[in-house]
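Data first, discussion second: the structure below is written as structure tokens.
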Number of protein chains: 2
Amino acid sequence: MLDVPKPQQNHLLAALPAQSLERLLPYLELIPLPLGEVLYESGDILHHVYFPTDSIVSLLYVMEDGASAEISVVGNEGLIGIAVFMGGESTPSRAIVQSAGHAYRLPCQRLKDEFNRHGEMLQLMLRYTQALITQMAQTAVCNRHHSIDQQLCRWLLLSLDRLQDNQLTMTQELIANMLGVRREGVTDAAGKLQRLGVIEYSRGHITVLDRAALEQLSCECYAVVKKETDRLLPSEPLPPTDE
Amino acid sequence: MLDVPKPQQNHLLAALPAQSLERLLPYLELIPLPLGEVLYESGDILHHVYFPTDSIVSLLYVMEDGASAEISVVGNEGLIGIAVFMGGESTPSRAIVQSAGHAYRLPCQRLKDEFNRHGEMLQLMLRYTQALITQMAQTAVCNRHHSIDQQLCRWLLLSLDRLQDNQLTMTQELIANMLGVRREGVTDAAGKLQRLGVIEYSRGHITVLDRAALEQLSCECYAVVKKETDRLLPSEPLPPTDE
DNA sequence: TACGCTGTGTGCGTTACCGCACACAGCCGC
DNA sequence: GCGGCTGTGTGCGGTAACGCACACAGCGTA
């Protein structure tokens, strides 16, 4: 955990060519993101995009009856607000902070300007978007075919990948909302994992003890998304300042 | 049903500025798409993109065990092969013809060239992609929360919107593969609709008798996607030659 | 006419998840 | 210490969808 996260902790910012990043730097504002903060609501016109450094944000679809489901997760590998450059200005989803931390915020116009220079920024954003699409699609399939047990493993792995340590602050209630299942279903699944010694659970704090087991127990969906993301966004040439 | 579909029957082609379309026209090739044809397999490098005129293509995710689920549908409102301009060149999904018809085929490079002119084509493609993302996301939520009955209604409406008449050629077996459920589940749901007089079923031919009822019985997912698609891609200034 | 193939209907028992109710445990503030 | 709140564990009946088996119907072909 860094005291002051650097922009380069976000992989997209880190992957930008030096000139692009320099143009953006004056407008990048470090923002703390507390748990549960809503970055945008369904249909909101976006005014900023967010590049997480050490936070995790969920894209959540909420139904008329209040039921919800997470369709993708964004951490320091991505950005919140693709609708800005995709042209739609808004989306029917909610972006909510799932793990507290920080993000660099950039006014829409600055992103658009850089995007419209048609340089590497455009290529990078589109590739990231494709990775995001893959994650959404796989989530759809996973929702259809896999058990809560498997999905919990997948979800834990997704979160773990976006965190600095192996502990996450998360109640079963919140996980249930993300997965779109009952809280008791999560209790069951988490209980099994705890009995297997894979995780340790205590009032909103989960510690992952055996990541390999988690991957074993997860459905294929996690691996598919990870592989495709790595293909689309190979680990960038990180500057040495990066943690 | 037209004898020879025109490029403008595809809404994206129709929405292109005249110069763009003119540049593409010499390379647009009309291709018949028989039922079940696979336009690309998961991981394939794409060589063409397809603009359907009177066909419907499903984007299908197939799991390791063979189970599948449709994550979105593409008809004359869209194109197959967004990975070409998104930068990934391939996707982990299969594109399979769900309703026979035709499409205009364009070599990748021609699309990229036009896309890289950074004109309206780019804007249009990205907006369409955002609409597609909405459909995928809503599919994910729908898979989680809604009954087969509701999903069948949604699916029929999606297909209906992309057809010229109110009849579709489709066995229950195929619909089951699309929805990722058992064939018997579709039989049940379709039986109910038939008893209600909403559809008529006969060995692979479905006739929709009461579209309004279908919308009534469907979950909100259909409407959400339709509304968002209309917002992102308002009905284009169709040339008078369009059917 | 008989046969076979494909598509549809139906009836089981089984399972996964839901909805609800409630018990209890950790933790904070008074 | 006490009470109250939040988070977790558990049990129960209900239900939607599953897997499997099989009957039957439409339709083309021998």
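Please read all numbers here as calculations on a predicted model, not as lab measurements. Computed from heavy atoms alone, side chains included, the values below leave out hydrogens, waters and symmetry copies. Proteins get letters first, then strands, A, B, ... in listed order; numbering begins at 1 in each.
Applying the 3.5 Å distance criterion, the base of D:dG7 shares no donor-acceptor pair with the side chain of A:Arg183.
Counting only heavy atoms from C-beta on, B:Arg182 has its side chain closest to D:dC20 among C:dC20, D:dC20, C:dC17. Set against C:dA21, D:dT8, C:dG7, the side chain of B:Thr171 has C:dG7 as its closest nucleotide. Listed nucleotides: C:dC17, C:dT8, C:dG26. Nearest to the side chain of A:Arg203: C:dG26. Nearest to the side-chain atoms of B:Gln172 among the listed nucleotides C:dG9, D:dT8, C:dT10 stands C:dG9. In the set D:dC20, C:dC18, D:dT8, D:dT8 carries the atom at the smallest distance from any side-chain atom of A:Thr187. Set against D:dT8, D:dC18, C:dG9, the side chain of B:Val181 has D:dC18 as its closest nucleotide.
C:dT8 atom P lies 11 Å from atom CE of B:Met170, rounded to whole Å. Rounded to whole angstrom, the span from the CD1 atom of B:Ile175 across to the P atom of D:dA17 amounts to 16 Å. We find that CD of A:Gln151 is positioned 12 Å from C1' of C:dA16, with the value rounded to whole Å. If you take NZ of B:Lys192 and P of C:dT10, they are 13 Å apart, rounded to a whole angstrom. Rounded to an integer number of Å, the gap from A:His145 NE2 to D:dC18 P is 9 Å. A:Ile206 places its CD1 atom 12 Å from the C1' atom of D:dG7, with the value rounded to the nearest Å. A straight line from CG of B:Asp188 to C1' of D:dA16 spans 11 Å, rounded to a whole angstrom. Rounded to a whole Å, the OH atom of A:Tyr201 is 8 Å from the P atom of D:dG9.
Residue-to-nucleotide proximity on DNA chain D shows that, of B:Ile148 and A:Gly191, the 5′-proximal contact is made by A:Gly191.
At distances below 3.5 Å, at least one donor-acceptor pair connects side-chain atoms of A:His145 with backbone N or O atoms of B:Ser68.
Salt bridge status for A:Asp230 with A:Lys226: present, with a side-chain N to carboxylate O gap under 4.0 Å.
With hydrogens and angles left out, the side-chain atoms of B:Gln172 and B:Arg203 include no donor and acceptor closer than 3.5 Å. Between the side chains of B:Gln150 and B:Ser218, not a single donor N or O lies within less than 3.5 Å of an accepting N or O.
Residue contacts for B:Ser202: at a heavy-atom cut-off of 4.0 Å it reaches no nucleic acid atom on any strand shown. Residue contacts shown for B:Gly185 are absent, as no nucleic acid heavy atom lies under 4.0 Å away.
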Which atom pairs, one a donor and one an acceptor, fall under 3.5 Å between side chains of residues 34-43 of chain A and the rest of the protein, sequence neighbours left out?
residue: A:Glu41; atom: OE1; partner: A:Arg94; partner atom: NE; Å: 3.3
residue: A:Glu41; atom: OE2; partner: A:Arg94; partner atom: NE; Å: 2.7
residue: A:Glu41; atom: OE2; partner: A:Arg94; partner atom: NH2; Å: 3.2
residue: A:Ser42; atom: OG; partner: A:Pro92; partner atom: O; Å: 3.1

